Engineer: 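Would you mind keeping the following structure in view while I ask a few things?
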Amino acid sequence: MARSDRTPRQRLDPDERRGAILAAAADAFARAPYDEVGIAAVAARAGASEALVYRYFAGKAELYAQVLDRAIADLLARQAAALAELPGGVPVRDRVRATVLVHLDHVAAHRAGWASPFAGTRAEPDVATQVRQRARLAYVDRLRELLAPSSTLRHDYALWGWFGFLDAACLHWVDRGCPDDDRWSLLDATLGALEGALGDWAA
């Protein structure tokens, strides 16, 4: 006799099903660190079976890496959109400010998942580390494009080092619960750190 207590699954085409699984995984990884999220929970959230998840993704590591890659691409796209909305001739500091505000929105929306790689004991799969390394290069290149051209070593170290400062400052913000009242102090600190590292916005 057929069981009648199962929740019927919605029929989706392959692209829609894959998208639904990615969306469910993105929500799960935003709420909890990598090692606390299971394929079964993602499948249930997506209205799919574990077997169906494995039909689209080789395993949790690949699923996580693709979620991470999509989140980074979305962050870069939203930063580009924020820059495009600024009028011509806006000072460099204000352009960097616009990208940092988008970054803070991203951190606040994904606080558990965003902070987990910095927790020390929270290991990520190698494929996710590779995604993060490519992303850091993209972030540095984006920042370099906003600033005056420079070939000095100080400039190069300032760009790479600033993202370390931004990560540490944002991690402290997450530890405090991402209070909105802290946002402007955090923003001023990060902009001041970059200006100090460069020596001048035109450096």
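Each residue takes its place number in the sequence, starting with 1. Quantities reported herein were computed from a predicted structural model and do not represent experimental measurements.
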Engineer: Indicate the atoms forming the closest heavy-atom contact of Ala24 with Arg45, along with that distance.
Structural biologist: O-CD, 3.4 Å
Engineer: State the CZ-CG distance between Arg93 and Leu194, to the nearest 0.5 angstrom.
Structural biologist: 10.0 Å
Engineer: Do Leu101 and Leu147 share a hydrophobic cluster, counting only Ile, Leu, Val, Met, Phe, Trp and Tyr and linking them when any side-chain heavy atoms are less than 4.5 Å apart?
Structural biologist: yes
Engineer: Please round to the nearest 0.5 Å and tell me the distance separating atom CD of Glu124 and atom CG of Asp35.
Structural biologist: 10.0 Å
Engineer: State, to 0.1 Å, how close Ala28 and Val37 come at their nearest heavy-atom pair, and which atoms those are.
Structural biologist: O-CG2, 3.7 Å
Engineer: If I take atom CG from residue Asp167 and atom OG1 from residue Thr190, how far apart are they, to the nearest 0.5 angstrom?
Structural biologist: 11.5 Å
Engineer: Count I, L, V, M, F, W, Y as connected when their side-chain heavy atoms are under 4.5 Å apart, and connections chain through other members. Are Tyr157 and Val140 then in the same cluster?
Structural biologist: no
Engineer: If you define the side chain from C-beta out and look only at heavy atoms, does anything of Arg31 sit under 4.5 Å from Glu36?
Structural biologist: no
Engineer: Heavy-atom distance under 4.5 Å between the side chains of Val131 and Gln66, does that happen here?
Structural biologist: no
Engineer: If the condition is ring-ring contact (aromatic ring centres under 6.0 Å, His included), which residues does His110 pass it with, not counting sequence neighbours?
Structural biologist: His106
Engineer: Check for a donor-acceptor pair, side chain of Arg154 on one end and backbone N or O of Ala197 on the other, with a separation under 3.5 Å.
Structural biologist: yes
Engineer: Show, in sequence, the C-alpha distance, side-chain angles and deciding distance for Arg183 and Asp180, and conclude whether the salt bridge (Lys or Arg N to Asp or Glu O under 4.0 Å) test is met.
Structural biologist: CA-CA 5 Å; Arg183 182 183 295 260; Asp180 201 55; 3.0 Å; yes
Engineer: For Ala43 and Val53, which heavy atoms make the closest approach, and how far apart are they?
Structural biologist: CB-CG2, 3.7 Å
Engineer: Closer than 4.0 angstrom, basic N to acidic O: yes or no for Asp94 and Arg97?
Structural biologist: no
Engineer: Considering residues at least two apart in sequence or located in another chain, which fulfil the ring-ring contact (aromatic ring centres under 6.0 Å, His included) criterion with Trp114?
Structural biologist: Phe118
Engineer: How long is the gap from CG on Leu22 to OH on Tyr64, to the nearest 0.5 Å?
Structural biologist: 14.0 Å
Engineer: Mind checking whether Trp173 and Leu104 have side chains closer than 4.5 Å, heavy atoms only?
Structural biologist: yes
Engineer: Only one of Leu76, Leu83, Leu75, Leu143 clears side-chain contact (heavy atoms from CB on, under 4.5 Å) with Thr99; which?
Structural biologist: Leu83
Engineer: Given side chain to side chain contact (heavy atoms under 4.5 Å, CB included), test Leu137 with Gln133 step by step and report yes or no.
Structural biologist: CA-CA 6 Å; Leu137 181 59; Gln133 289 171 342; over 6 Å; no
Engineer: Out of curiosity, does Tyr139 fall in the hydrophobic cluster containing Val102 (side-chain heavy atoms, cut-off under 4.5 Å, transitive links)?
Structural biologist: yes
Engineer: Atom CG of Leu186 and atom NE2 of His103: how far apart are they, to the nearest 0.5 Å?
Structural biologist: 9.0 Å
Engineer: Looking at Tyr34 and Ser116, what are the two nearest heavy atoms and their distance?
Structural biologist: N-OG, 4.5 Å
Engineer: Quick check: closest heavy atoms across Leu86 and Ala98, and the distance to 0.1 Å?
Structural biologist: CD1-CB, 4.1 Å
Engineer: Look at the side-chain heavy atoms of Ile, Leu, Val, Met, Phe, Trp and Tyr, link any pair under 4.5 Å apart, and say whether Tyr56 and Val67 land in one connected group.
Structural biologist: yes
Engineer: Taking the side chain as every heavy atom from C-beta outward, state whether Leu68 and Phe29 have any atom pair closer than 4.5 Å.
Structural biologist: no
Engineer: State whether the side chain of Glu62 and the backbone N or O of Ala58 hold a donor-acceptor pair below 3.5 Å, judged by distance alone.
Structural biologist: yes
Engineer: Can you list the steps and then say if Val42 with Phe57 is a side chain to side chain contact (heavy atoms under 4.5 Å, CB included)?
Structural biologist: CA-CA 12 Å; Val42 172; Phe57 303 94; over 6 Å; no
Engineer: Any donor and acceptor pair, going by atom type alone, linking the side chain of Trp160 with main-chain N or O of Arg136 inside 3.5 Å?
Structural biologist: no
Engineer: Would you give the length of the straight line joining atom CD1 of Ile72 to atom CZ of Arg134, rounded to the nearest 0.5 angstrom?
Structural biologist: 8.5 Å
Engineer: Is the shortest distance from a Lys or Arg side-chain nitrogen in Arg70 or Asp74 to a carboxylate oxygen in the other one below 4.0 Å?
Structural biologist: no
Engineer: Restricting to non-hydrogen atoms, name the atom on Val127 and the atom on Ala61 that form the minimum distance, rounded to 0.1 Å.
Structural biologist: CG1-O, 3.6 Å
